[in-house]
Each structure stands twice: as C-alpha cells, then as structure tokens.
Amino acid sequence: MIAGMSLADWRARYPLIETLMTLEETSWFNPAIAPTAEALADVGLTAADVADASDRLARFAPYIARVFPETQAAGGLIESPLVPAPRLQQALAERSGLTLPGSLWLKLDSHLPISGSIKARGGIYEVLKHAEDLALQHGLLTLDDDYALLDGEAARALFGQHRIAVGSTGNLGLSIGIMSARLGFQTTVHMSADARQWKKDLLRAHGVTVVEYEADYSVAVTEGRRLAEADPHCHFVDDENSTSLFLGYAVAAERLKRQLAAAGVTVDAEHPLFVYLPCGVGGGPGGVAFGLKLAFGDTVHCLFAEPTHSPCMLLGVYTGQHDAVSVQDFGIDNRTAADGLAVGRPSGFVGRAMQRLIDGYFTVSDEELFRLLALLEHSEGLRLEPSALAGVPGMARVLTEQQGYRERLGLSDARLAQATHLVWATGGSMVPETEMDGYLAHGRRLLQD
C-alpha cells in the first residue's frame, strides 16, 4: 500500500505511472498551468524578496572578488555565459529527422565561478546570508561596510565557532563546502551513495568533513538534518525546504534578461522563451523558474527534465502527492549516472509552490544523456556532466507533443518559428579530465550504435 492505495489503484488513477515504472522516456504537459499573475501567489515569496537577495550578493561582491580571483573581472559577480548553440540544434534536427524551428541557446551554469554548477547560485548565497546575519548580530559588520573586511582574522574567528552542514548528491555540497570553508566555518557535507568520488576528494582538500552514506540522497539529508538540529551552533542548509537557496537561484532571471537583451533576443508573446531545467529535488530549477516568471511572466515557459530512474518531481506533481510519495514506492530504483539528479523524493515546498507555473516535465534515459554529452562536445566543443544534458531534448519534446499543450497556450507555428529555446546547463566544468574522457568515450560508443 502506498499512501493508503494499492499499486493497482495508483496505476488505474494515474496511467502515466505505468510508463514511469517501465523506465520509458516520457513527457507530461501540465493541464493545471495558470496565468503567472495568479499562480505567483502560490509561492509565498515576492519580487521584493528576490531584489533583497540580489542586493545582498552585491554587498558581498568585494569579498568574493578578493578571495576568489577568478571573479575579479566581473567585480565579484558569480555569473555564467549565455551562448547560442546552432550547431547542436542542427545536429539534433539531423539525428531526429525533425524540423526544429526557433533558436537554441545554452545557459552555462556549468561554468559558474567557484564551484562550476548551478548550485554556486543558491548554495553560495545561503552561506553568505548566514555569514552576514552572524556578522551583523555580533557587531562585526554594518550594511554600509566594505564586505571585504570579512576576509580577516576577526571574521574567521567568529565563523570558526559555528558550523554549517548540508546533505548532497555532490554539487550543492561543493558550493556549500568551498564557500563555508573559505569564510572559516566548520563544515560537514553528508554525501549520498551516488556522489562522485572526485567531489568528495575536492571537498576534503578544502578542509570539509565529508560523511558518506551507502543510501541515497533522502537518507543523507535526513541524517544531516537530525544531527544539525542537536547543535545550536550548526546551520543546516535544507535543499528540500530552504527559501534562501530558492531566492539565491531566482536572482539568475534578471541577469538572464539583461543577457538576452544584450544578445538582441526578443522575448514577448510573439517571441516566446522556453527554458529547460534539469531537476533533482527541485530547489535549483524551482528557484530559477520563479525568477523567470517574475521577469518574463506568461511569455516564458519552464519545463523540468529528470532521469528515467529518478522522476520524483514529475511523479509528485502529476499525482498531486508531492513529497508524500517517492520513486522507490513504485519500484523505480533512483540509480542514475546523472548524480546531481539522483533524488527519489521531491521537495514538497517547490512542488506545491510551482505546480501552476511549470509547463511540463519530461524524462531522459542515462544512455541518451551520454549520447547528448558526446553530441554537444562534437558540435559545440563544450563538455558537461551527464545531468547537465537533461534539458537538451526539451525543444523536440515541445515541438512534437500531442497532448494539446501548444494549442491550449496559443503557441502557434508562427510563434514557435520565432521562439527561443534555452537549455540550462547545470554543471560540468570541474569534472576531472580523465573522468570526462570516460563520459565522452561512452557517449560516442552509444552514438555509433
């Protein structure tokens, strides 16, 4: 029995579950999508909250520029490039035999400074917010100070009396660990079984304590949270429920809006924007999508992409049960090469907050992720980790859907011909060369087959 129903009852009530259980690639377009102005109220956060997060990052920019020299050219801004991907678009069209109107772009959070993934946004932001709160509370800082003073012995002595902990499949742990350790916090990262060894090694090299689990992400988070709750000096970064993480991710949207404008890309009703976001527990894609809806309203269409072995957010939103169900409840093993997306139970906060703002969800097999990894490297010369390729099939999924989605939203052929499709590349620049070479060799073999 799952939540009071037999498996047969679940299958009868929610037919898509059968497809998910057989690990077939699938797409589901949300019939409950609502106008942005109406659905934003579900989130419980506002544009003012995102502006506050953006202002906080601006205050920390002098500190970031000082301690992470790779950010100096951008004045301490942690931001990633936006690049067109016409050769990838052509390769996808040729491989699929489809016409793919519109233009394809990549948002390279894979190349964000400091920790090389989308988690550098929310993760680093939450650590900075906690550090600011402590520094203000202890009179070490005022809002008008140059925050570069936090790179000093007094600040490190203060932060060294406090602890930060997080549960992670890898990338969030890197962001939290690198930033926390640099500030001087005692930091512990609880890592699930699917986390890559190089990520654990890198954290330890930064002086972070890594606790390894033989179980999956949910267990690592639960145990990390339990231990932190017993320590009044420990701040637990809760990837499932944190509004600070969520707002740190949301800041990306206004920056993207400026990047698109600088690139001459129009976004309006006649030139819709589609954004494809890889999804694990949901905090990263949820926060980004929230910011995008604030920035672009109904002219942006956000879709979440998940591995066939870990479709937790799709399952939670499709059934309306959110974090009350997990993929393991239905015999789905949550074992995937897309380690950053290996999550069996979604964030209930994100699922409920965004359930009328996300246009659709789709799943991708591990084999296809590797093929796409090799295809991207061959076409555009870019190297990403497997999880970062999850959004690439989104363009074709939208253009070939047969669920009435495009008609329902007025996405005519004329509008689609002028659409911009943006794949959010969530990680990959820090993958060791030998490991990346292995990914590419595997992907090339699969492409040949």
Side-chain angles (χ1 to χ4, degrees), residues 16 18-20 22-30 83-107 265 271-279 301-309 311 314 336-338 341 359-384 386-425 439-449:
L16 189 60
E18 189 72 39
T19 305
L20 297 178
T22 57
L23 307 179
E24 296 176 52
E25 291 189 336
T26 191
S27 305
W28 178 67
F29 292 86
N30 185 4
V83 298
R87 292 178 294 277
L88 176 61
Q89 183 174 349
Q90 181 179 352
L92 291 170
E94 291 173 354
R95 181 167 170 256
S96 64
L98 298 171
T99 300
L100 299 178
S103 59
L104 181 63
W105 292 70
L106 300 174
K107 177 61 173 160
V265 176
H271 303 79
L273 172 64
F274 294 85
V275 181
Y276 309 106
L277 293 147
C279 179
H301 305 276
C302 301
L303 291 92
F304 286 0
E306 298 179 287
T308 54
H309 286 256
L314 192 165
T336 172
L341 310 182
D359 282 34
Y361 306 78
F362 59 91
T363 64
V364 189
S365 71
D366 279 17
E367 293 78 13
E368 182 66 0
L369 292 175
F370 280 108
R371 292 186 196 103
L372 294 170
L373 187 150
L375 195 68
L376 176 66
E377 196 271 344
H378 178 74
S379 61
E380 300 287 352
L382 290 168
R383 295 181 164 202
L384 305 180
S387 58
L389 278 299
V392 174
M395 187 178 191
R397 300 292 181 94
V398 165
L399 294 170
T400 60
E401 65 84 24
Q402 297 181 355
Q403 299 173 30
Y405 161 70
R406 284 168 294 152
E407 291 79 4
R408 194 167 70 247
L409 271 67
L411 297 167
S412 65
D413 289 347
R415 288 177 172 174
L416 291 171
Q418 302 182 105
T420 299
H421 297 263
L422 178 61
V423 172
W424 213 279
Y439 289 161
L440 286 165
H442 183 46
R444 289 168 186 150
R445 285 193 298 270
L446 290 170
L447 266 181
Q448 284 183 332
D449 293 342

Heavy atoms of P278 and G391 approach each other most closely as CG-N, 4.2 Å
Under 3.5 Å: donor-acceptor pair, side chain of R415, backbone of G410: yes
Taking all heavy atoms of L100 and all of A93, pick out the closest pair and write down the distance. CD1-N, 3.7 Å
Between E401 (side chain only) and Q403 (backbone N and O only), is there a donor and an acceptor less than 3.5 Å apart? yes
L372 side chain near R95 side chain, heavy-atom distance below 4.5 Å: yes
Side chains of L314 and L16: closer than 4.5 Å at any heavy-atom pair? yes
Is it true that the side chains of T22 and E24 contain a donor and an acceptor less than 3.5 Å apart? yes
For a side chain to side chain contact (heavy atoms under 4.5 Å, CB included) check, start with the C-alpha distance between F362 and E25, then their side-chain angles and the critical distance, and finish with the verdict. CA-CA 7 Å; F362 59 91; E25 291 189 336; over 6 Å; no
Any side-chain heavy atom of T308 sitting closer than 4.5 Å to one from T336? no
Contact check, side chains of V275 and W424, non-hydrogen atoms, under 4.5 Å: yes
When you look at CD of E407, are more than 12 heavy atoms from neighbouring residues, nucleotides or ligands closer to it than 6.0 Å? yes
L382/L106 under side chain to side chain contact (heavy atoms under 4.5 Å, CB included): CA gap, chis, key distance, verdict: CA-CA 10 Å; L382 290 168; L106 300 174; 3.6 Å; yes
If you round to the nearest 0.5 Å, how far is CH2 of W28 from CZ of R397? 15.0 Å
Would you check if the side chain of T363 reaches a backbone N or O of T26 as a donor-acceptor pair within less than 3.5 Å? yes
Decide side chain to side chain contact (heavy atoms under 4.5 Å, CB included) for M395 and L104; before the verdict, give the C-alpha distance in whole Å, the side-chain angles of both, and the deciding distance to 0.1 Å. CA-CA 8 Å; M395 187 178 191; L104 181 63; 4.2 Å; yes
Any idea how Y361 and F304 line up, ring-wise: parallel (<30°), tilted (30 to 60°), or perpendicular (>60°)? perpendicular
What are the two closest non-hydrogen atoms of P307 and A338, and how far apart are they? CG-CB, 4.0 Å
Please tell me if the side chains of F274 and L411 come closer than 4.5 Å, counting only heavy atoms from C-beta onward. yes
Intermediate values then yes/no, side chain to side chain contact (heavy atoms under 4.5 Å, CB included), L389 and V423: CA-CA 8 Å; L389 278 299; V423 172; over 6 Å; no
What distance separates C279 SG from L303 CG, expressed to the nearest 0.5 Å? 11.5 Å
Keeping R383 on the side-chain end and L373 on the backbone end, is there a donor-acceptor pair under 3.5 Å? no
May I ask you to test the H271-T420 pair for a side-chain heavy-atom distance under 4.5 Å? no
Which residues pass the side-chain hydrogen bond (donor to acceptor under 3.5 Å, both in side chains) test with S103, not counting sequence neighbours? W105
Has Q89 got a side-chain atom pairing as donor or acceptor with G102's backbone, closer than 3.5 angstrom? yes
In terms of heavy-atom contacts, does CG of D413 have more than 12 from other residues, nucleotides or ligands at under 6.0 Å? no
Heavy-atom closest contact (L384 atom, A425 atom, distance): CD1-CB, 3.6 Å
Does D359 use its side chain to pair, donor to acceptor, with the backbone of H301 at less than 3.5 Å? no
State, to 0.1 Å, how close A396 and L98 come at their nearest heavy-atom pair, and which atoms those are. CB-CD1, 4.0 Å
For N30, enumerate each residue passing the side-chain hydrogen bond (donor to acceptor under 3.5 Å, both in side chains) test, keeping only those at least two apart in sequence or located in another chain. none
Would you tabulate the side-chain donor-acceptor contacts of residues 439-447 under 3.5 Å, counting partners in other chains and residues two or more places apart, or write 'none'?
{"residue": "Y439", "atom": "OH", "partner": "E435", "partner atom": "OE2", "Å": "3.2"}
{"residue": "R444", "atom": "NH2", "partner": "E377", "partner atom": "OE1", "Å": "3.3"}

Can you tell if the side chain of L399 reaches within under 4.5 Å of the side chain of P101, non-hydrogen atoms only? yes
Looking only at heavy atoms, the pair that brings P393 and V364 closest together is CG-CG2, 3.9 Å
Take atom NE2 in H378; do more than 12 heavy atoms of anything else shown fall under 6.0 Å from it? no
Please round to the nearest 0.5 Å and tell me the distance separating atom CG of D449 and atom CZ of R371. 8.0 Å
